[in-house]
Undergrad: 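Mind looking over this structure? Questions follow.
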Amino acid sequence: PVAMSNPALEVCPDYNSEPNEPLRLAIIDRFGLDEQQAVTRLNEIWEQDRARRVVVWDQQRAEQQRADELAQQEERAEEEERIRLEQDEAEKERKEAEKKKPKINDFDSDLPPPSVIIPRPSQYAIQKITSFEFVEMWYFSPDGCSEAARNHRSQADDALGLSATNDILTLRPVASVKASKNARPDYELSFSEFLQAKNSYLHHIKQVSWPDKHVNALAEFFWNLENHPVRSNLNGDLVALHYAACIRRQWHDDLKNNTGKAFNISIINENLMNALTFEVNSTIQAKVISKVS
C-alpha cells in the first residue's frame, strides 16, 4: 500500500535541539566528531533516508495509478458489456413484439380492382384445399359459395372442433371442420355447375399456394374432361362427372399416401371412361325398366 504522506514534503528535524541531544552524543562518540559535525552527519543520514523513501513512495504511487487505471478500464468494460446486453435484450424483445404484431401486405397504387370477384367458398372447403385434401366441387359452385356467404360471420367462431391432418388432431373453429349437409357429390352437379365450380376451385388452390405442377395438371384435367368426346354421347355429361368424382378422390388418396407413384390426373384413362359409360348407362336403363314394370 502507498504511504499516507509524501516523504518529499517532510521537514528535516532540528538535530541542534535538546530532544535530539542523545542522537548527537551517540554520533560524536561513534565517529569522534564535534557537535556541529554530528548535526551535519544526522542531517545527511535523514536526507538519504528521505530520498530512499521518496523513490519507494513514487514507485508505489505509479503502481497504484496503474492499478486504478486498470480497475477503471475493467469497470468501463463491465458497464459497456452490461449496456450491450441490455440493448441486445431490448432489441430481441422488440423483434419478438414485431413478429407478434399483425401485419398487412403492401398494395400496388396503380392497380385498379378486378372486374370479376371470385365467390369465396366456406372455411371448411378452404381448410380442405389448404391441407391438400379432396373436397367436393359443390363447395366452389354458385350454390356452395352462396351458402358460405349466408353462413359467414364477421367475428371469429367461439366453438371449436377437432380436425385431423396427417394423423395429427388439431382444434379448429367448427366452421372449418364441419361439412355442409347440402353438399353434393360431383356427379350430382350439372356440367355447367361443375365448370363454374372448377374456375373457383383453380383460383383458390392457387391462393393457398398449391405447387404450380399440381395446379397445371388439374387445369389440364378439367380442360380435357370438358372437351372429351364422351360428352357428345347419351348421358355423356353424367359419365364425365362420375369420372371426375372418382378420379379426383383417387388422386388425392395417392398423393396422401406419399408413395411417389401418384398418377398424372391430366391424362384421361379411356378404359376407366368406357367402364363408367357402361356402368352409368346400365344404371339408368335399369331404373327405366324398373319404372315401366
Side-chain angles (χ1 to χ4, degrees), residues 118-129 131-151 164 175-205 214 217-257 261-293:
I118 304 295
R120 184 177 179 83
S122 67
Q123 281 299 312
Y124 170 80
I126 294 296
Q127 180 58 39
K128 282 291 188 180
I129 60 174
S131 302
F132 307 109
E133 296 180 13
F134 171 82
V135 63
E136 290 81 0
M137 295 297 290
W138 175 86
Y139 287 96
F140 301 88
S141 71
D143 285 349
C145 292
S146 294
E147 180 184 270
R150 289 193 303 271
N151 295 338
S176 68
V177 298
K178 186 177 181 181
S180 171
K181 66 181 188 307
N182 297 316
R184 290 179 285 156
D186 293 357
Y187 54 81
E188 289 188 4
L189 302 177
S190 69
F191 208 83
S192 175
E193 288 177 313
F194 180 80
L195 292 180
Q196 288 177 294
K198 64 94 175 174
N199 292 331
S200 175
Y201 179 78
L202 290 174
H203 170 80
H204 283 98
I205 63 174
H214 296 64
L218 282 166
E220 188 175 351
F221 162 73
F222 289 126
W223 191 92
N224 288 338
L225 197 63
E226 181 181 0
N227 294 279
H228 195 276
V230 75
R231 292 193 58 216
S232 61
N233 299 337
L234 180 65
N235 303 317
D237 282 354
L238 185 57
V239 171
L241 291 171
H242 272 275
Y243 180 91
C246 68
I247 210 69
R248 284 200 316 113
R249 186 179 291 276
Q250 185 61 51
W251 188 59
H252 279 279
D253 287 345
D254 286 1
L255 290 173
K256 189 175 181 179
N257 290 335
K261 295 182 180 180
F263 56 86
N264 184 352
I265 193 171
S266 69
I267 300 173
I268 302 297
N269 187 314
E270 298 299 339
N271 292 330
L272 178 60
M273 188 70 80
N274 291 335
L276 288 171
T277 299
F278 177 79
E279 181 180 327
V280 168
N281 288 331
S282 298
T283 301
I284 292 175
Q285 186 177 6
K287 287 181 179 179
V288 171
I289 293 174
S290 176
K291 286 182 180 180
V292 172
S293 59

Undergrad: Check whether S232 reaches the backbone of P229 with its side chain - one donor and one acceptor, N or O, closer than 3.5 Å.
TA: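 Yes, the answer is positive, given that a donor and an acceptor are paired below the 3.5 Å cut-off.
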Undergrad: Mind checking what makes side-chain contact (heavy atoms from CB on, under 4.5 Å) contact with F132, not counting sequence neighbours?
TA: W210, P211
Undergrad: Looking at residues at least two apart in the chain, or sitting in another chain, which of them share a side-chain contact (heavy atoms from CB on, under 4.5 Å) with D143?
TA: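 Testing D143 for side-chain contact (heavy atoms from CB on, under 4.5 Å), a comparison that skips the adjacent residues, returns W138, S141, R184, E193.
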Undergrad: Can you say whether the rings of W251 and H214 are parallel (under 30°), tilted (30 to 60°) or perpendicular (over 60°)?
TA: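 Because their plane-to-plane angle lies in the 30° to 60° range, the rings of W251 and H214 count as tilted.
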Undergrad: Nearest 0.5 Å, what's the NE2-SG distance between H242 and C246?
TA: 9.0 Å
Undergrad: Any chance you could measure I205, atom CD1, to I129, atom CD1, to the nearest 0.5 Å?
TA: 7.0 Å
Undergrad: State whether the number of non-hydrogen atoms from other residues, nucleotides or ligands found under 6.0 Å of F221 atom CZ is greater than 12.
TA: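 It does: F221 CZ has more than 12 such atoms within range.
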Undergrad: List the atom of M137, the atom of A197, and the distance in Å for their closest heavy-atom pair.
TA: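 Between these two residues, the closest heavy atoms are O-CB, 3.3 Å.
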Undergrad: Is there side-chain contact between H203 and F140, with heavy atoms separated by less than 4.5 Å?
TA: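 No. Closest side-chain heavy atoms not under 4.5 Å.
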Undergrad: Is K261 close to D254 at the side-chain level, that is, under 4.5 Å between some pair of heavy atoms?
TA: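 Of all side-chain heavy-atom pairs linking K261 with D254, none is under 4.5 Å.
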Undergrad: If you compare all heavy atoms of S200 against all heavy atoms of C145, which two are closest, and at what distance to 0.1 Å?
TA: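 Answer, listing the atom of S200 first, then C145: OG-SG, 4.4 Å.
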Undergrad: I'd like to check E136 versus K128 (side-chain heavy atoms, cut-off strictly below 4.5 Å). Are they in contact?
TA: no
Undergrad: To the nearest 0.5 Å, what is the distance between CG (D186) and CD1 (I247)?
TA: 12.0 Å
Undergrad: Surrounding CD of E270 (heavy atoms of other residues, nucleotides or ligands, distance under 6.0 Å), is the total greater than 12?
TA: yes
Undergrad: Decide yes or no on side-chain hydrogen bond (donor to acceptor under 3.5 Å, both in side chains) for E279 and T283, but give the supporting numbers first.
TA: CA-CA 6 Å; E279 181 180 327; T283 301; 5.4 Å; no
Undergrad: Using side-chain contact (heavy atoms from CB on, under 4.5 Å) as the criterion, list what pairs up with A219, not counting sequence neighbours.
TA: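 Result, side-chain contact (heavy atoms from CB on, under 4.5 Å) vs A219: L202.
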Undergrad: What's the shortest heavy-atom distance between A240 and V230, and which atoms?
TA: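 Scanning both residues completely, I find the closest heavy atoms to be CB-CG1, 4.4 Å.
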Undergrad: I'd like to check E226 versus R231 (side-chain heavy atoms, cut-off strictly below 4.5 Å). Are they in contact?
TA: yes
Undergrad: What's the separation between atom CG in L218 and atom OH in Y201, rounded to the nearest 0.5 Å?
TA: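 Here the rounded value is 5.0 Å.
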Undergrad: For residues A217 and N264, report the shortest heavy-atom separation together with the two atoms involved.
TA: CB-OD1, 4.1 Å
Undergrad: How close do L255 and A262 get, counting heavy atoms only, and between which atoms?
TA: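 Result for this residue pair: CD2-CB, 3.6 Å.
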Undergrad: Measure the acute angle between the ring planes of H252 and F134, then classify it against the limits of 30° and 60° as parallel, tilted or perpendicular.
TA: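 Judged by the thresholds at 30° and 60°, the geometry between H252 and F134 is perpendicular.
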Undergrad: Find the distance between CG (L238) and OG1 (T277) and round it off to the nearest 0.5 Å.
TA: 10.0 Å
Undergrad: Between V135 and Y124, which heavy-atom pair has the shortest distance, and what is it?
TA: CG2-CE2, 4.3 Å
Undergrad: Side-chain contact, heavy-atom cut-off 4.5 Å: F194 with L225?
TA: yes
Undergrad: Once you round to the nearest 0.5 Å, how far does OH of Y243 lie from CG of L276?
TA: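 The CG atom of L276 is 8.5 Å from OH of Y243, to the nearest 0.5 Å.
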